[in-house]
Amino acid sequence: DLSNNLLEGRIPHFTWTMKSLKLANNKNLFGNLTAITEMVGIEELDLSYNNFNDTLELAREQLLTLRTLNIAHTQIKHLAQKEEEKIIPD
């Protein structure tokens, strides 16, 4: 749990093997969220109260394991399945 730590910048890559990633209320985290698709096996993801403003793309494997997703009070406006995994085009 890295919540409430005044972290700034992009999410570091050491987090990609975690089952649970809580980054709530750091306020100064930002950047491209496409790297989150590398988090295979993630069960809990809390990005709330940060400055993320990208589309959050999730892989099919993540959708099978993800139990909790919190993006409250962010600028994330769109959730999507990874483009190359779509069965039916938009």
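The figures here come from the full heavy-atom set of this structure, side chains too, leaving out hydrogens, waters and symmetry mates.
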Between Ile42 and Thr65, the two heavy atoms sitting closest are O-OG1, 2.8 Å
I need the Asn70 CG to Ser48 OG distance, nearest 0.5 Å.
4.0 Å
So, Glu44 versus Thr68: side-chain donor-acceptor pair below 3.5 Å or not?
no
Rounded at 0.5 Å granularity, tell me how far CG in Asn51 sits from OG1 in Thr74.
9.5 Å
Which distance, rounded to the nearest 0.5 Å, do you find between the CD of Gln75 and the CG of Asn50?
11.0 Å
Check: Leu21 and Asp46 side chains under 4.5 Å, non-hydrogen atoms
no
If I take atom CG from residue Leu23 and atom OH from residue Tyr49, how far apart are they, to the nearest 0.5 angstrom?
15.0 Å
Heavy atoms of Leu66 and Leu69 approach each other most closely as CD2-CB, 4.0 Å
Report the distance from atom CD of Glu43 to atom NZ of Lys19, rounding to the nearest 0.5 Å.
5.5 Å
